[in-house]
Amino acid sequence: MRALRKFDKAFCLPAKRTGEREAAKEAVAALGLRGSAGERMLEWALGAASRLADGLRYVINQDQYDKLCMRTCRDLLREWRGERGEKLGFGAASRAVDLLMMALAESSSCRRESATGFLRSPLDSRTLAPLRRIVDQLTDVDFSIDIPAKPGSGYVASEELYYILQGAVAELARRAETAQITYAYWCAAG
């Protein structure tokens with residue numbers, strides 16, 4: 001917690017001279033998908049970026065932000081299944097939406113300052129691994145959460161687990177007196 005708090009003192013959300021298109025490309029690149037899956041995800045992200053950027057104008061609290069993200073995540077899952085005939089895991093879909101939201105927040109033309117405090121950390125190996133030893137202390141669930149040694153977005157198999165883990169990140173951020181998204185940047189910095 002102290003390390004996160006110390007990181008936050010020098011942290012400023014990056015600002016890039018990009019638009020929706022560049023933000024979508026950056027988010028998809030971070031997913032590391034190749035071939036037709038990467039092309040399909042980019043197609044989705046290019047369309048979703050403008051819808052999310054427009055939707056962010058009306059977001060005034062965390063609940064509205066979460067609803068916007070979950071609606072977008074469910075749309076991605078439905079589209080992926082319908083167009084590709086393949087199932088996309090919930091963890092991968094939620095990570096794609098969270099990465100796209102981060103990229104939009106970093107974009108100088110898309111950033112909505114009023115919504116940056118609601119950003120969620122994408123759940124992947126970098127953000128899940130530090131939670132392994134402390135997740136149970138940060139949640140109020142009645143069972144032990146066993147995050148694997150090398151977790152990935154595939155570990156987040158359900159919406160329920162997503163919200164439990166995001167709740168743990170939110171609680172950690174609250175205790176460190178920082179924004180939730182700062183945790184993602186702290187994890188990326190190593």
Side-chain angles (χ1 to χ4, degrees), residues 4 24 26-45 47-49 51-52 55 62-105 118-175 179-188:
L4 180 58
E26 184 177 317
V28 172
L31 287 169
L33 297 175
R34 305 282 182 251
S36 64
E39 291 171 11
R40 175 64 193 107
M41 188 62 77
L42 179 58
E43 184 181 318
W44 167 80
R51 290 190 305 272
L52 287 171
Q62 189 70 54
D63 185 53
Q64 288 179 343
Y65 178 86
D66 292 344
K67 285 179 182 176
L68 175 64
C69 289
M70 274 305 115
R71 184 173 47 249
T72 305
C73 182
R74 287 185 190 115
D75 289 347
L76 171 57
L77 290 167
R78 199 171 21 260
E79 286 177 34
W80 196 270
R81 180 71 161 178
E83 292 179 19
R84 290 189 53 91
E86 300 171 4
K87 185 176 180 184
L88 180 66
F90 184 84
S94 62
R95 181 171 175 245
V97 172
D98 290 336
L99 284 168
L100 183 52
M101 291 301 246
M102 272 179 70
L104 289 170
F118 307 129
L119 291 169
R120 299 271 191 178
S121 293
L123 298 176
D124 57 22
S125 60
R126 285 191 288 196
T127 56
L128 290 170
L131 290 177
R132 283 187 73 222
R133 291 188 173 91
I134 60 171
V135 68
D136 290 329
Q137 299 164 19
L138 297 171
T139 64
D140 59 356
V141 294
D142 293 335
F143 54 89
S144 178
I145 297 175
D146 188 24
I147 298 174
K150 293 184 179 183
S153 60
Y155 168 72
V156 185
S158 69
E159 189 173 335
E160 179 185 23
L161 183 57
Y162 173 83
Y163 277 115
I164 290 169
L165 293 169
Q166 286 293 359
V169 172
E171 178 61 18
L172 180 62
R174 186 191 67 74
R175 291 180 187 183
Q180 294 177 46
I181 195 61
T182 305
Y183 175 75
Y185 289 96
W186 176 73
C187 290

Q.
Take a 6.0 Å sphere around CG of Asp63 and say whether it holds more than 12 heavy atoms from other residues, nucleotides or ligands.
A. yes
Q.
According to salt bridge (charged side-chain N to carboxylate O under 4.0 Å, His left out), who are the partners of Arg126, at least two apart in sequence or on a separate chain?
A. none
Q.
With side-chain contact (heavy atoms from CB on, under 4.5 Å) as the criterion, how do Leu123 and Tyr155 come out once you've worked through the C-alpha distance, each side chain's angles and the decisive distance to 0.1 Å?
A. CA-CA 9 Å; Leu123 298 176; Tyr155 168 72; over 6 Å; no
Q: Apply side-chain contact (heavy atoms from CB on, under 4.5 Å) to the pair Leu138 and Arg175, showing each step before the final yes or no.
A: CA-CA 10 Å; Leu138 297 171; Arg175 291 180 187 183; 3.6 Å; yes
Q.
For Leu68, give me all partners under side chain to side chain contact (heavy atoms under 4.5 Å, CB included), at least two apart in sequence or on another chain.
A. Leu52, Leu56, Val59, Arg71, Thr72, Met101
**Q.** Partners passing side-chain hydrogen bond (donor to acceptor under 3.5 Å, both in side chains) against Tyr185 (at least two apart in sequence or in another chain)
**A.** Glu106
Q: Heavy atoms only: give me the nearest Ala105-Leu119 pair and the separation to one decimal.
A: CB-CD1, 3.4 Å
Q. If we only count heavy atoms from C-beta on, is the Arg81 to Glu86 side-chain gap below 4.5 Å?
A. no
Q. What pairs with Asp140 under salt bridge (charged side-chain N to carboxylate O under 4.0 Å, His left out), at least two apart in sequence or on another chain?
A. none
Q | Approximate separation, where rounding is to 0.5 Å, of Leu88 CG and Glu79 CD | A | 11.0 Å
Q. Just wondering, are more than 12 heavy atoms of other shown residues or ligands nearer than 6.0 Å to CD in Glu159?
A. yes
Q | Evaluation steps, side-chain contact (heavy atoms from CB on, under 4.5 Å), between Val169 and Thr127 | A | CA-CA 9 Å; Val169 172; Thr127 56; 6.0 Å; no
(Q) Strictly by side-chain hydrogen bond (donor to acceptor under 3.5 Å, both in side chains), give each pair with a member in residues 128-137 just once, sequence neighbours left out. (A) Asp136-Ser144
Q.
Quick check: closest heavy atoms across Val97 and Cys69, and the distance to 0.1 Å?
A. CG1-O, 3.8 Å
Q.
A side-chain contact here means heavy atoms from C-beta on lying under 4.5 Å apart; do Tyr163 and Asp66 qualify?
A. yes
Q: Report the distance from atom CG of Leu165 to atom OG1 of Thr139, rounding to the nearest 0.5 Å.
A: 8.5 Å
**Q.** Residue list, ring-ring contact (aromatic ring centres under 6.0 Å, His included) with Tyr183, at least two apart or on another chain
**A.** Trp186
Q: Hey, could you give me the CZ/OG distance between Arg95 and Ser121, rounded to the nearest 0.5 Å?
A: 12.0 Å
Q. Among all residues two or more places apart in sequence or in another chain, which pass the side chain to side chain contact (heavy atoms under 4.5 Å, CB included) test with Asp98?
A. Arg120, Pro122, Tyr162, Gln166
Q) Rounded to the nearest 0.5 Å, how far does CG of Asp124 lie from OG of Ser94? A) 10.0 Å
Q) Is there a side-chain contact between Val156 and Leu128, using heavy atoms and a 4.5 Å cut-off? A) yes
Q | Gap between atom CG of Leu100 and atom CE of Met102 - 0.5 Å precision | A | 11.0 Å
Q.
Applying side-chain contact (heavy atoms from CB on, under 4.5 Å) to Ser153 and Phe90, what does each step give before you reach the verdict?
A. CA-CA 8 Å; Ser153 60; Phe90 184 84; over 6 Å; no
Q. Taking only residues two or more places apart in sequence or in another chain, which ones pass side chain to side chain contact (heavy atoms under 4.5 Å, CB included) with Ala170?
A. Gln180
**Q.** With sequence neighbours excluded, residues passing salt bridge (charged side-chain N to carboxylate O under 4.0 Å, His left out) with Glu43
**A.** Arg40
Q: With sequence neighbours excluded, tell me which residues meet ring-ring contact (aromatic ring centres under 6.0 Å, His included) with Tyr65.
A: none
Q) Nearest heavy-atom pair of Leu77 and Ala93: which atoms, and what distance? A) CD2-CB, 3.6 Å
**Q.** Any residue meeting side chain to side chain contact (heavy atoms under 4.5 Å, CB included) with Ser125, in chain and number order, not counting sequence neighbours
**A.** none
Q) Looking at residues at least two apart in the chain, or sitting in another chain, which of them share a salt bridge (charged side-chain N to carboxylate O under 4.0 Å, His left out) with Glu26? A) Lys16
Q. Taking C-beta and beyond as the side chain, do Leu161 and Ser158 meet within less than 4.5 Å on heavy atoms?
A. yes
Q. Does the side chain of Val135 reach to within under 4.5 Å of the side chain of Ile147, using non-hydrogen atoms?
A. yes
